[in-house]
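Data first, discussion second: the structure below is written as structure tokens.
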2 protein chains.
Amino acid sequence: MNMGFLGMCSVQQGSLDYRVCGVITSMAGQNKEKKRYTIRDIAEMAGVSRSTVSLALNDSDKINAKTKAKVMEIVERVGYRPSAIARSLVRQQAGVICVILPQIGHVVSDFYFSESLSGILDVVTAHGYHLVVEMATPEFKTGKKALALYRQRVMDGVLCVGNLTTDTYLTELAEAGCPVVLVNSVLGNLPAIIGANRQAAYRAVKHLAKLGHRRIGHIRGSEFVATAIHRTEGYLEAVRALGLEESDELLAQGYFDRESGYMATKWLLSHSRRPTAIYSVNDMMAIGAMDAIREAGLRIPEDIALFGGDDIVLAQYVTPKLSTIRQNMYLIGQLACERLFDILKDKHSEVYEEVELELVIRESCGANKSSR
Amino acid sequence: MNMGFLGMCSVQQGSLDYRVCGVITSMAGQNKEKKRYTIRDIAEMAGVSRSTVSLALNDSDKINAKTKAKVMEIVERVGYRPSAIARSLVRQQAGVICVILPQIGHVVSDFYFSESLSGILDVVTAHGYHLVVEMATPEFKTGKKALALYRQRVMDGVLCVGNLTTDTYLTELAEAGCPVVLVNSVLGNLPAIIGANRQAAYRAVKHLAKLGHRRIGHIRGSEFVATAIHRTEGYLEAVRALGLEESDELLAQGYFDRESGYMATKWLLSHSRRPTAIYSVNDMMAIGAMDAIREAGLRIPEDIALFGGDDIVLAQYVTPKLSTIRQNMYLIGQLACERLFDILKDKHSEVYEEVELELVIRESCGANKSSR
DNA sequence: TTGTATGCGTTATCAA
DNA sequence: TTGATAACGCATACAA
């Protein structure tokens, strides 16, 4: 981690002149292992058979109202709930969706994680399913943990958030029969919901072009991240379609973090004819670009315009505020999850769907100056 | 939402001159419902009984090595994995821990969510359990969904992240016999892991006092959030212990967001003798305080010092950078989860444990100027 | 309305 | 000693 970017910062561990810290043990002793009733217990208490209880629980009309009421009264009184495990066993489905997340450290943009999870969770809950979370660690991938999970019937289907284009463990999983939907990524012809990044990038570049920019630099991202690839494609398409300057000197490589954005920008500025605007694949690199631009003694609205991507919270707090591409991860998560349930229900064919993204144009980052 | 604070910002929906957007359907047709083997299938294929297969799977020594090898060869070849559902049924435990999260919108600080979840997930995985996620919506609480989940045997224990002090649904759950551990909160005498916020706040105030501040304002948070209560207690203890000025005029009420921090600070500054430093219970309100301080024509390092709490990412990006209290949510999540497994194993007595927090002293927010 | 088989793995018991 | 048999855990579907 590059602490240089974080500025001077000292961290103080606790001093000894305060004594709250420690362990306090209380003996109130709850958790006294209350009995959990089974359908047998209820049947006995009601003086009926287990099947009758089952019918009552499922509000069947093959049972007379009085019996049903009597059973349900007991059910409510003792707080009986049928075992989800036993139910899963007969129904031959777990009632569980698994979401595979990138390793936390890699989840750069603030909302990516929480928003997509939120969208997924809402849909999963609405379908009466549960959501289990797994993390795509190297061991998880190479150990084929996902496949094991499916074969163990732990889950009925999988959502994968922001996987790499090299994650073949997912295609294997799908080939084994497990429904898989990708959230904001692409892999083979697996069903996927993803933002229309080509389109958004195209429009970002077009926006800069409209302001008079002809020489627009670009900081691309890793070659294994589909959204980044698409954005770079959109940039290239726009450059060609709009007849802007096209050159290798305008194409820098970054790896999504601030440091690499800084380095990429230094490189872009090192050429004799430097760009008048820079479109970065994500916000963090654009923030790194700010560092490099300032270091070169250039002013950001006046000398170089900036455009980022992802609309992380920081984008509105840096000075100048960053123009960027907003991806509605909540929506993407929701849609992906709905798609998964479609597949779960009637074994749909694969679907690759793009969700429109918004441009967020903020003042004073140069993306709204028609200076040239 | 107060857009005023976010600054001017226009959002552009897609134009029509680009045509990527849409749905592309491919017919590759995976998901062809591969057969999932059961222990019966394996037994037949190996020409042994089901119990023999079970013994082989569990690497028992009551079975001769050759038979075991033969069975396992088949198991590996066809990729058989015993059903977690059937296993759960006989073992009488789900092998699932449930984490209840606050509603996403309320999870203000960036890392609170992802870091604690990450710590929990690591421990849950290490114990061979699975993690299901639920969100503490109003319906979830009032509908006693957690209790139902426990009675349905969906989960063996519960971790709750950042609950309110009014969430009695959790005590009910615990009284029904479900092991519950609170992550960074307090409720009755439920087991809990929480940061040593009193201590940290005390040290933050002491730090300001050492720099010469005698009149330190404080922005408190909601009365239902334990961590905020503790910090305010720590502030008060420090004020008394160090003989600083104590006054109602120095105690402002906020609700964790930028807007209320702004309002609280305006109020603090409205009194004839304004504070020379402000300690806010969290960072977002401290950032709101910056707005108010600047609006009042005051300079932040020189006229008023600032100290926040939580160490959100933003804290290092605002100008000046914020001094703050860092809570290691990864660690707190881990510890809480370990505690839960302790309880699961031998029905421990309740434990309330505090984890030491760090002060993060950053340049130029006034918390390092010994000006007076 | 109820008895019974089913789903799948584990374990105690019993036979070879 | 090794392996086969049966009962168990819990809810549901279906025939009786």
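Proteins get letters first, then strands, A, B, ... in listed order; numbering begins at 1 in each. Worth knowing before you read on, the calculation uses all heavy atoms, side chains too, and leaves out hydrogens, waters and symmetry mates.
Scanning all heavy atoms of the two residues, the minimum distance from R50(A) to I39(A) falls at O-CD1, 3.6 Å.
The side chain of I39(B) lies closest to dG9(C), out of dG9(C), dC10(D), dG7(C). The side chain of I63(B) lies closest to dG3(D), out of dC8(C), dG3(C), dG3(D). Counting only heavy atoms from C-beta on, R40(B) has its side chain closest to dC8(C) among dT2(C), dC8(C), dA11(D). For V48(B), the listed nucleotide lying nearest its side chain is dA4(D); candidates were dT1(C), dA11(D), dA4(D). In the set dT1(C), dT11(C), dG7(C), the nucleotide with an atom closest to the side chain of N64(A) is dT1(C). The side chain of S83(B) sits closest to dC8(C) out of dT2(C), dG9(D), dC8(C).
The side chain of T38(A) contributes no N or O atom lying less than 4.0 Å from OP1 or OP2 of dG9(D). Checking the phosphate oxygens (OP1, OP2) of dT12(D), a side-chain nitrogen or oxygen of R87(A) falls inside 4.0 Å. Phosphate contact (OP1/OP2 of dG7(C), side-chain N/O of Q93(A), threshold under 4.0 Å): absent. The phosphate of dC10(D) has neither OP1 nor OP2 within less than 4.0 Å of any side-chain N or O from Q152(B).
S54(B) comes within 4.0 angstrom of a nucleotide base, judged by non-hydrogen atoms across all strands. Y37(A) comes within 4.0 angstrom of no nucleic acid atom, judged by non-hydrogen atoms across all strands. No contact: S88(B) has no heavy atom under 4.0 Å from any strand. Using a 4.0 Å heavy-atom distance criterion, R91(B) is classed as a sugar-phosphate-only contact. Within 4.0 Å of S51(A), counting heavy atoms only, lies at least one base atom of the nucleic acid.
Comment: E353(B) engages R339(B) in a salt bridge, judged by a side-chain N to carboxylate O separation of less than 4.0 angstrom. Salt bridge status for E44(A) with R40(A): absent, with no side-chain N to carboxylate O gap under 4.0 Å.
You'll find the side chain of L149(A) reaches within 4.5 Å of the side chain of H130(B), heavy atoms only.
Not a single donor-acceptor pair, N or O on each side, falls under 3.5 Å between the base of dG3(D) and the side chain of S49(B).
Ranked by how close their nearest DNA chain D nucleotide is to the 5' end, A86(B) and D61(B) are led by D61(B).
Regarding L57(A), its CG atom lies at a distance of 15 Å from the P atom of dC10(D), rounded to whole Å. Across the protein-nucleic acid pair, D41(B) atom CG and dG7(C) atom C1' stand 12 Å apart, rounded to whole Å. Going from atom NZ of K62(B) over to atom P of dG3(D) covers 12 Å, rounded to whole Å. Residue I85(B) contributes atom CD1, which lies 16 Å from atom C1' of dT10(C) at whole-angstrom precision. Whole-Å rounding puts the K66(A) NZ to dT1(C) C1' distance at 15 Å. The CZ-C1' distance, from R81(A) to dT12(D), rounds to 18 Å in whole Å. Atom P of nucleotide dA11(D) and atom CG of D59(A) are separated by 18 Å, given to the nearest angstrom. In this structure, R50(A) places its CZ atom 11 Å from P of dC8(D), rounding to the nearest Å.
Each of I120(B), L117(B), I100(B) was evaluated against V161(B); a single residue qualifies, I120(B), per the side chain to side chain contact (heavy atoms under 4.5 Å, CB included) test.
T168(A) and T171(A) are not linked by any side-chain donor-acceptor pair at a separation below 3.5 angstrom, with hydrogens and angles left out of the test.
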